[in-house]
Amino acid sequence: MPDVIVIGGGVQGCALAYYLRAEGRAVTVLERRGVGDAGSGRNTGGVRQQGRVRPEIPLAMEALELWPHLDAELAAPTEYTRRGNLLIGGSDEQLARIENRLARQEGFDLDSRIVERRELEQLLPIVGPTAKAALYCPHDGHANPLLSTLAFAGAARRRGAEILEGTPATGLERIAYGWRVPTPRGTLEAEVVVNMAGSGAVEVCNWAGFSLPILNARVQTMVTEPLPPLFDQFVQDWDHKTFTRQTVSGNLLYGDLTEDYVRSGNEVFGADAVRASRKAIAAFPIFADLTVIRAWGGVLDVSIDQMPIIGETPGLPGLFVAAGSSGHGFGLAPAVARRMARWIASGQRPDVLEPFGMERFSATGTVDNIDDGTAT
Ligand SMILES: Cc1cc2nc3c(=O)[nH]c(=O)nc-3n(C[C@H](O)[C@H](O)[C@H](O)COP(=O)(O)OP(=O)(O)OC[C@H]3O[C@@H](n4cnc5c(N)ncnc54)[C@H](O)[C@@H]3O)c2cc1C
């Protein structure tokens with residue numbers, strides 16, 4: 001039997017397995033479908049420090065220290081590139097929001113600044129007419145989410161972790177020394193269970209009688225034909241609520257920053273493609289002439305204060321959660337997983353994870369992180 005059962009074979013679950021093996025823990029990951037099948041294989045790959053709520057910044061900075069070394073360490077490509085992040089605004093409202101994001105980074109040693117239109121045009125030749133300024137962090141970047149998840153899974157397996165695909169956890173029961181997890185392939189027991197089930201995390205905690213304040217939301221991503229290199233950064237335009245980046249293969253990914261909390265599945269809808277394309281064209285006119293070759297839906301697990309939920313479940317020792325990443329979980333994953341592995345091995349919660357504990361939702365906790373109603 002393993003020391004630790006991880007429910008969910010997304011980037012967080014696979015990275016945790018990798019780091020837990022370094023701590024000498026026997027670990028089994030249960031994945032109901034395939035590794036990276038959910039958000040971790042469907043996200044846009046942004047790896048950024050800027051624009052985050054203050055408690056996330058130290059974690060994001062820590063993750064940025066790990067990302068450049070992952071290809072070599074995991075012996076597999078992640079397509080990580082560190083060429084900048086741009087958060088663009090044109091209206092008074094969004095320019096004020098950019099100023100606010102800059103102010104909230106004060107005190108951190110973060111290379112993030114506001115660039116005006118002229119510099120923005122040089123950085124991002126595809127920029128459209130409405131953009132006036134952007135928050136720019138040259139040291140942020142992006143990676144291929146599916147390849148990164150598979151890289152962690154492969155390296156975890158080589159270190160001796162067991163990752164069982166096509167194996168859902170179907171329940172969770174407290175036993176004398178830990179937890180019992182039934183699956184269609186048999187029942188497992190371990191002292192520690194980590195719920196990293198993404199959009200399935202609420203169901204997993206419900207089995208233990210614990211309610212996670214998370215909602216699932218859908219975002220659809222479109223992929224264009226490959227083009228010669230046009231720009232380097234991960235880009236969001238806040239007026240038009242759209243995002244884009246160019247992959248290593250030259251394709252442009254784009255999508256709508258407005259989450260759909262009603263239809264939360266992986267389907268592709270024509271109406272969503274039209275709405276997202278209109279927004280993308282308004283922000284970056286080049287999209288009007290590009291061919292879309294592929295699209296996919298993806299589900300974000302969004303917590304009620306739009307910050308990740310990371311911690312040991314109050315009153316249920318040995319049941320850990322890392323979910324509700326609210327659209328931020330891919331970039332943070334290496335740091336979150338490494339810190340959680342250390343926590344599980346040492347029994348000591350690291351300070352950097354303290355703000356993400358579930359006690360913030362209790363009657364005496366404070367929920368004050370929502371500043372502008374967006375999870376991005
Ligand atoms: C369109 C989109 C764009 C995004 N863009 C970014 C971005 O640019 N940057 C960023 O940092 N983040 C981004 N995100 C968020 C990011 O994808 C997630 O935060 C991250 O992938 C979470 O990883 P995870 O391992 O926690 O969860 P997931 O990838 O959701 O993995 C959870 C896994 O658990 C499995 N599972 C569920 N229930 C069970 C069960 N009962 N038994 C066994 N397995 C189970 C699922 O099959 C799934 O594979 C985006 C998300 C989407 C959808």
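Given the structure is predicted, the values throughout are model-derived calculations rather than measurements. As the structure lists them, so they are numbered: ligands from 1, and atoms in each ligand from 1.
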Item to check | Ring center gap for Trp296 and Phe269 short of 6.0 angstrom | outcome: no

Item to check | Residue from Thr149, Val336, Leu16, Asn43 passing side-chain contact (heavy atoms from CB on, under 4.5 Å) with Val11 | outcome: Thr149

Next on the checklist: Tell me whether Asp260 contacts the main-chain N or O of Arg218 through its side chain, where contact means a donor paired with an acceptor under 3.5 Å.
Outcome noted: no

Checklist outcome for this item: For Ile7, the ligand 1 atoms with a heavy-atom partner under 4.0 Å come out as 40 (C), 42 (N), 43 (C)

Checklist entry - So, Glu56 and His328: side-chain donor and acceptor under 3.5 Å apart, yes or no? => result yes

Next on the checklist: For the CD atom of Glu203 and the CG atom of Asn195, what is their distance to the nearest 0.5 Å?
Outcome noted: 10.0 Å

Next on the checklist: Is the contact between Met196 and ligand 1 made by the side chain, the backbone, both, or neither, using heavy atoms and a 4.0 Å cut-off?
Outcome noted: backbone

Checklist entry - What pairs of residues pass the salt bridge (Lys or Arg N to Asp or Glu O under 4.0 Å) test when at least one of them lies in residues 189-202, not counting sequence neighbours? => result Arg180-Glu189

Next on the checklist: Does ligand 1 come near enough to Glu31 that some N or O of the ligand is less than 3.5 Å from an N or O of the residue?
Outcome noted: yes

Next on the checklist: Are any of the N/O atoms on Gly36, whether in the backbone or the side chain, positioned under 3.5 angstrom from an N/O atom of ligand 1?
Outcome noted: no

Checklist entry - Any nitrogen or oxygen of Gly329, main chain or side chain, under 3.5 Å from a nitrogen or oxygen of ligand 1? => result yes

Checklist entry - Is Asn43 close to ligand 1, meaning an N/O of one under 3.5 Å from an N/O of the other? => result yes

Checklist outcome for this item: Nearest non-hydrogen contact to atom 30 (O) of ligand 1 from the set Gly13, Ala38, Gly8 belongs to Ala38

Checklist entry - How far is atom 28 (P) of ligand 1 from its nearest protein heavy atom, and which residue and atom name does that atom have? => result Ser40 OG, 3.7 Å

Checklist entry - Under 3.5 Å, N or O to N or O, is Phe234 touching ligand 1 that way? => result no

Next on the checklist: Out of all atoms in ligand 1, which are within 4.0 Å of some heavy atom of Gly331? Include the element for each.
Outcome noted: 10 (C), 11 (O)

